[in-house]
Amino acid sequence: MIRLVLFSFLFLSDCKNPKLGGNLIYVPEPNLTDEVAILKVSKQVFGDLLRETKLEKEQKGYKLFIEFGGSTALTFYGKQAYVKDIKLMICRKANQMFYNLKDRNLETLTISFVKPYYVKDNELNKEIIQEFEVFRVRFEKTDLEKISNWKEKAEKLLKNEARPKETVEFLDSIRKNWNVELDEFYRVEIK
């Protein structure tokens with residue numbers, strides 16, 4: 001119970017702490033190219049969790065691949081909270097990206113969650129740490145725009161004006177519109 005409360009506090013404080021990649025509204029500098037603006041916002045939104053970005057020019061706009069994750073194999077979650085909260089965090093970050101870049105040509109965003117985990121090595125008869133891509137999801141700007149009043153709800157969330165229930169409902173509506181490409185959470189065992 002203490003772990004859940006601690007995580008809930010850390011997760012909700014993520015809303016206000018830019019260092020943790022919390023909610024922020026980026027005012028685009030008009031003289032920046034779309035490429036530079038997209039990469040700049042990526043760094044602001046994901047902060048220290050950002051591992052890699054790859055930007056590709058498409059016919060209609062840009063396709064961005066982001067790899068992010070923690071640097072430690074430790075976790076303070078229970079299994080159910082871990083999966084749920086990571087997925088909500090991904091929705092929150094996708095919302096931040098698309099809202100902050102709404103006037104830019106970001107059309108597709110793929111987010112990959114990568115993290116080190118303890119792995120039992122039978123040959124050495126001990127646990128070792130290895131890094132894995134656990135979850136990958138793709139968001140299309142057109143899918144987010146299908147959400148009723150998406151921009152207004154996104155702005156309300158980013159300005160910390162949304163109530164907790166509204167926040168969860170909105171993030172869940174984003175989750176319903178994503179395309180899961182990889183889900184290995186079932187392989188993660190929380191001890």
Side-chain angles (χ1 to χ4, degrees), residues 7 10-11 13-15 17-29 32-77 82-119 127-144 154 157-158 171 174-175 177-188 190:
F7 175 73
L10 291 173
F11 181 72
S13 68
D14 175 50
C15 302
N17 188 343
K19 186 175 181 186
L20 294 174
N23 291 337
L24 61 110
I25 295 180
Y26 167 71
V27 180
E29 299 168 36
L32 293 181
T33 64
D34 285 348
E35 295 95 340
V36 173
I38 290 168
L39 295 174
K40 187 172 183 178
V41 170
S42 300
K43 288 177 186 174
Q44 288 180 320
V45 169
F46 287 88
D48 294 339
L49 299 176
L50 184 65
R51 298 254 181 102
E52 184 179 328
T53 58
K54 182 180 170 188
L55 187 62
E56 296 176 2
K57 177 81 170 126
E58 302 275 306
Q59 257 186 335
K60 295 169 90 179
Y62 291 91
K63 181 177 183 177
L64 177 64
F65 175 83
I66 289 182
E67 184 178 289
F68 86 103
S71 57
T72 177
L74 298 176
T75 186
F76 298 100
Y77 298 83
Y82 180 73
V83 173
K84 178 183 175 194
D85 291 338
I86 294 296
K87 289 179 178 181
L88 283 175
M89 177 176 50
I90 290 170
C91 288
R92 179 182 299 275
K93 298 218 178 276
N95 179 62
Q96 289 173 270
M97 290 295 297
F98 277 111
Y99 183 82
N100 287 316
L101 295 164
K102 65 185 180 293
D103 297 326
R104 301 296 181 148
N105 289 318
L106 179 62
E107 296 298 323
T108 303
L109 172 63
T110 300
I111 299 177
S112 177
F113 178 64
V114 177
K115 188 177 184 306
Y117 290 101
Y118 291 104
V119 177
E127 287 185 333
I128 58 173
I129 296 176
Q130 288 185 317
E131 193 168 272
F132 295 94
E133 179 184 26
V134 182
F135 192 71
R136 184 181 340 112
V137 64
R138 187 180 76 252
F139 299 88
E140 302 290 341
K141 184 177 184 178
T142 54
D143 290 336
L144 285 182
L157 175 65
L158 293 173
L171 293 175
I174 293 173
R175 184 191 56 77
N177 285 289
W178 71 14
N179 299 293
V180 175
E181 295 181 349
L182 176 73
D183 188 346
E184 296 286 322
F185 278 119
Y186 71 93
R187 298 179 62 191
V188 176
I190 306 295

> Taking all non-hydrogen atoms of both residues, which atom of Ser112 and which atom of Glu133 are closest, and how far apart?
OG-OE2, 2.6 Å

> Would you name the heavy atoms of Arg51 and Pro116 that are closest together and state the gap between them?
NH2-CD, 4.0 Å

> To the closest 0.5 Å, what do you measure between CG (Asn95) and CG (Leu171)?
7.0 Å

> Between the side chain of Asp183 and the main-chain N/O of Phe185, is any donor-acceptor distance below 3.5 Å?
yes

> Any side-chain to backbone donor/acceptor pair from Lys63 onto Thr110? Under 3.5 Å, distance only.
no

> Taking C-beta and beyond as the side chain, do Ile66 and Met97 meet within less than 4.5 Å on heavy atoms?
yes

> Can you measure from CG (Leu144) to NZ (Lys102) and round to the nearest 0.5 angstrom?
13.5 Å

> Picking from Glu67, Glu184, Glu181, what satisfies salt bridge (charged side-chain N to carboxylate O under 4.0 Å, His left out) with Arg136?
Glu181

> Using 30° and 60° as the class limits, which term best fits the ring planes of Phe68 and Phe46: parallel, tilted or perpendicular?
tilted

> As an exercise, state the distance from CG of Leu55 to OG1 of Thr53, rounded to the nearest 0.5 Å.
7.5 Å

> Before accepting this row, confirm whether a basic side-chain N of the pair Lys54/Glu56 lies closer than 4.0 Å to the acidic partner's carboxylate O.
yes

> How long is the span from the CE atom in Met89 to the CD1 atom in Ile111, to the nearest 0.5 Å?
9.5 Å

> How far apart are the C-alpha atoms of Thr108 and Glu58, what are their side-chain angles, what is the distance that settles it, and do they pass the side chain to side chain contact (heavy atoms under 4.5 Å, CB included) test?
CA-CA 9 Å; Thr108 303; Glu58 302 275 306; over 6 Å; no

> For Ser42 and Leu64, work out which heavy atoms get closest and say how close.
OG-CD2, 3.4 Å

> Specify the closest pair of heavy atoms between Leu101 and Val41, including all atoms of both residues, with the distance to one decimal.
CD2-CG2, 3.7 Å

> Using side-chain heavy atoms (C-beta onward) and a distance below 4.5 Å, is Phe135 in contact with Val83?
no

> Roughly how far apart are Leu106 CG and Asp34 CG, rounded to 0.5 Å?
9.0 Å

> Is there a side chain to side chain donor-acceptor pair (under 3.5 Å) between Glu140 and Thr142? Walk through the geometry before answering.
CA-CA 5 Å; Glu140 302 290 341; Thr142 54; 5.2 Å; no

> With rounding to the nearest 0.5 Å, note down the distance linking CG in Leu49 to CZ in Phe113.
8.5 Å

> Does the structure place the NZ or CZ of Lys57 under 6.0 Å from the centre of the six-membered ring of Tyr62, at an angle of no more than 45° from the ring's axis?
yes

> Has the side chain of Lys141 got a donor or acceptor atom that lies under 3.5 Å from a matching backbone atom of Phe98?
no

> Given side chains that start at C-beta, do those of Lys40 and Leu32 come closer than 4.5 Å, heavy atoms only?
yes

